[in-house]
Amino acid sequence: MKLYERKWQLIWEKEKVFEADPVKGKKKFFITFPYPYVNCSPHIGHSYTALRADMMARYNKMMGKVVLYPQAWHLTGEPLMGAAKRIMAGDDKQFQTFKKAGVPERIIPSFKDPKKMASYFIKEWDKHFHKLGMSTDWRRTFFTTRLNKCYNRFVTWQFLRLKDKKLVGKGSHPIIYCPLCDSPTGSHDRLKGENATIVEHLMIHFRMNDGTVLPAATLRPETTYGVTNMWINPEVVYVKAKVNDEEWIVSEQAFQKLGSQGYDVELVGEVKGTELIGKTVDNPVTGDSVYIFPASFVKPENSTGIVMSVPSHAPYDHMALEDLKHERRFKKKLDSIVYVHLIDSPGFDEHPAVRVCEMKGIISQQDVKKLENATSIVYRNEFHKGEMNKNCGSFAGKKVSESKEGLIKYFEKKGWGSRIYETSEPVVCRCTSQTHVKLLKNQWFIKYSNKAWKKKTLKCLSKMRIYPEEARKWFENAIKNMNAKACARKSGLGTPLPWDENWIIEPLSDSTIYMAYYVIAKYVNSGELKENNLVPEFFDYVLLNRKKKGVAKRVGVKKSLLDKIRKEFEYFYPVDMRSSGKDLVPHHLCFFVYNHVAFFPEKYWPKSISVNGWVTSEGEKMSKSLGNFLPLSVVIEEFGADATRLALFDTAEGLDDPDFRKDNAISFIKKMGRLLEEVAVLKKSKASKLDDMDKWLLARVQDRVEKTSSFLDSALNRQALQEAFHGMNSDLIKYLNTKKLNKKVLEYFFNVFARLMVPFAPHFSEELYLKLGKKVLVHNSSWPKVEKKFVNKEIQVLVDYKDALMVDVKSIQRLIKKDAIDLLTVVVASDWKNEVAECARKAVEKGKFRALIKEVMNSKVKRYGKRAAQLAQVYAKDANKIPSVILGSKKELRILGQNKNELEKLFGCKVIVELDDESGSEKAVKALPMKPSIILE
RNA sequence: GCGGGGGUGCUGGAGUGGUCAAACAGGCAAGGUUGAGGGCCUUGUGGCUUAGUGCCUGCGCGGGUUCGAACCCCGUCCCUCGCACCA
């Protein structure tokens, strides 16, 4: 760690540089990032989002705003509690995990108390964030859950009000569940089916003569209109059960599932599959009576273990019927079957399943791979492009994709079907048992599906700036598809639901409007507010401006304090930028917007969200299995805060993942070190009149300032850094190589440079500013402005022109393998050529490239006759040859004249500069505007 | 399956209709330099071309639009991330 970093951090702290309080008449900038979950020590990935927010905070501070950049800690949820319980139980694995993470062995036993564990890790994070030199207002820090009585009161209030608004309700929701473990099986807890999702099927209630229900589950309820028969696996023993007071026949597995999914079930007996074959059932939708046939493809673990057959649209059904034709005993019954075509879709006439089976050359129902493929072709085609025909009752003429949900509801209402949940693929729990979907009942939900709320949220989103803009679609989609969210659990740390204390509010639900609490936390931490003061009325007053009489007395503080806090809220709100990792887009960041629009008037709705990628290390994803996490402590120790910041900012922006490379960090250390030494050239330099290179450097600086600012305005850290650091650096090197150092120019350069680097390498900036002899903190100076008097496009063109010439001469020299040049003649195009080029440029600008020659020759340059036409032809052939900037022969001659010495020195020969009209050389004709002819002798 | 983001040198990645393919960073190679603590600077890094400042090839693959396409359109292949109780 660079020695000077700690020095500046202490100075900032002492001078209270980052403490933000309202200043009347001054603009503010309120930026936050999600408080991190602190169940381990921080690694470099954790710091990136915080650093990006810090960059924006510092930039805005330099712009003269009061910047509030606070920081807190999230303890809500299962992991902390889980780890504490494991330590309590003497779990050695957990012990070793902590030991490996660098926790002193003697402390680990105390982690049986989650509060002790949390406070240990909070200290770790706090320490390292300080070492990173964060521009945080640390007076406002806090942590979550009931362990913090004050924050607990805040969340309690939030949920009471959410309930008042009727945005919290009870309901049920499906989860993948292991019957043996008696708990949800999260994707990390699975041996098989890690990517499985929950899919909803509809069971169609077919009935036997005695009223017994044979529920056939399907993803395609619309095909019920064309059922020709039922399928039962003859090898399977089914169960008879009482389901919601009816007699049902389903597979054993389905019986369990139904029990888990809210059906009232009771086992009655068994039925062998074979006993059902040949019997008939009635289709509730059409009233048809159909036979039950045997089929081997029917799996008992799949849905109900009973399948309806729609051979016109389902390849499996068609092939199973074909297979049956080999068996005599079904002949008569098979003869009665008529395929019913239900859905018209492009590319298929009648019976698409039959057609696809032929195309794929499928010969039996054993041909599973081909059948799966055929099924998906038919299904996809019909779902996306299909239209139901006259055989589909009241749904005739409707598109499948658009009316599916309506159809399901209609069937349910008629009592023809009911829902069952399935996993999209088999899921096996870590304990090796098969899982199924369970419906959790009586769960508390936040109703993010509420249409009016959703609409308001989308409105807010449309007014927000999203960085990068590419992420907007993702947000829109996430909000549009947002369902109600279970907001409480039975275990873990957190705040209890105020009206049902058995439930703990879960982490994604207690973290939505807490940014407002940063205002309050300052007064809690200073001791001006106590837990007892934080009654609901207090929050109503300061956050919602509900001014009831006598409130100060009931809250127990002076009214002036209440008003002060309210004023502070009004000053800092809304959140100007929420900066976060992209992984939080589909939930947390959406919830953040949702809850803000629910609680606050439009003027306090969030202004922008900035999202970023996840840090990789040396090109690889950081993961537990690779063990390549880079602890923040190690990185800061080795490279210091600034080089770490730069190495992170330099590799990616937007949604891309930044890659931390040690070499990159080292290279920044070296470059910063060299630049700090470079300041010494100031002593060697003298003030003098501005020459071309001076003007050039001054002009470049303006360009860099403008670009850095505009990239930062779009939160584009990488491009901003490229301009502010790499760009400025290479300009400086180029300038220093001309060896004509102008003290005033260099002073100006470094002064701008120091300020430009504040958002990226703040300690380096301070050190550089100090070396320049400044007596004030660079953090208290201002962001550099573009100085109009130094803006000089032409000088940049001139220098580029000269550089290009040198490159051309070198390349020719190399080409003709001429080691020593005796004479270099540079022939500049005369002005009639420039006029033609200008005409050509304008023609292209006007979009008249096609008629370029005509355009050119219709202008005043036609007086140059054939010569002009010839040049126009050259340009008409290739628009790329038309120069974008045309200096004119006078200026071309001037810049060449001024740099004659340099050219002579570089090539070690005499240099002649002349105009083509006045040159005697044959090659003179070839001189083009901005592309002089070169003659080597 | 649904939804998001992508396919460009040796690498990470710029560039979304002409000025300009490869900015910037990193490799590698050559040269220079008292720098000797992972050094700094310059030049080169697709092919062809010996008067030439040009030509050809090239931006996942196949078509198309255009005077002109990495960029726009159609098709196609591939990679990657998220899909809810995991923070």
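Within every chain, numbering begins at 1; the chains are lettered A, B, ... in the order of the sequence lines, protein sequences first and strands thereafter.
Residue order along RNA chain B, read from the 5' end via each residue's closest nucleotide, puts P883(A) first among M482(A) and P883(A).
As the counterpart of U50(B), no nucleotide is assigned, since no Watson-Crick or G-U wobble pattern has both distances under 3.5 Å. Base pairing analysis places G1(B) opposite C83(B); the two distances defining the Watson-Crick or G-U wobble pair are each below 3.5 Å. As the counterpart of A25(B), U11(B) is assigned, both hydrogen-bonding distances of the Watson-Crick or G-U wobble pattern falling under 3.5 Å. Pair assignment for C61(B) gives G75(B), based on Watson-Crick or G-U wobble hydrogen-bonding distances that are each under 3.5 Å.
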N/O-N/O pairs, protein side and nucleotides 85-87 of chain B side, under 3.5 Å:
residue	atom	partner	partner atom	Å
C85(B)	O2'	R489(A)	NE	2.7
C85(B)	O2'	R489(A)	NH2	2.9
C85(B)	O2	K485(A)	NZ	2.9
C85(B)	N4	H173(A)	NE2	3.0
A87(B)	OP1	R489(A)	NH1	3.4
A87(B)	OP2	R489(A)	NH2	3.2
A87(B)	N6	H587(A)	NE2	2.5

Report, one pair per line, the protein and nucleotides 35-45 of chain B atoms (nitrogen or oxygen only) whose separation is under 3.5 Å.
residue	atom	partner	partner atom	Å
C41(B)	OP1	R674(A)	NH1	3.4

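M482(A) pairs in a side chain to side chain contact (heavy atoms under 4.5 Å, CB included) with only one of the listed residues (K447(A), H587(A), K454(A)), which is K454(A).
A donor-acceptor pair shorter than 3.5 Å cannot be found between the side chains of N483(A) and S449(A). Defined by atom type and a distance below 3.5 Å, a donor-acceptor pair is present between the side-chain atoms of R674(A) and N729(A). Checked by atom type, the side-chain pair D510(A)/H74(A) shows a donor-acceptor distance below 3.5 Å.
Taking 4.0 Å as the cut-off between side-chain N and carboxylate O, D916(A) and K833(A) count as a salt-bridged pair. Salt-bridge check for D703(A) with K793(A): failed, with every basic side-chain N at 4.0 Å or more from each acidic carboxylate O. For the pair R841(A) and E838(A), the salt-bridge criterion is met [side-chain N within less than 4.0 Å of a carboxylate O].
Side-chain atoms of N664(A) lie closest to A25(B) of the nucleotides A25(B), G4(B), G6(B).
Interatomic distance, H726(A) NE2 to D650(A) CG, rounded to the nearest 0.5 Å: 3.5 Å.
When rounded to the nearest whole Å, the span between CD of E476(A) and P of G5(B) equals 11 Å.
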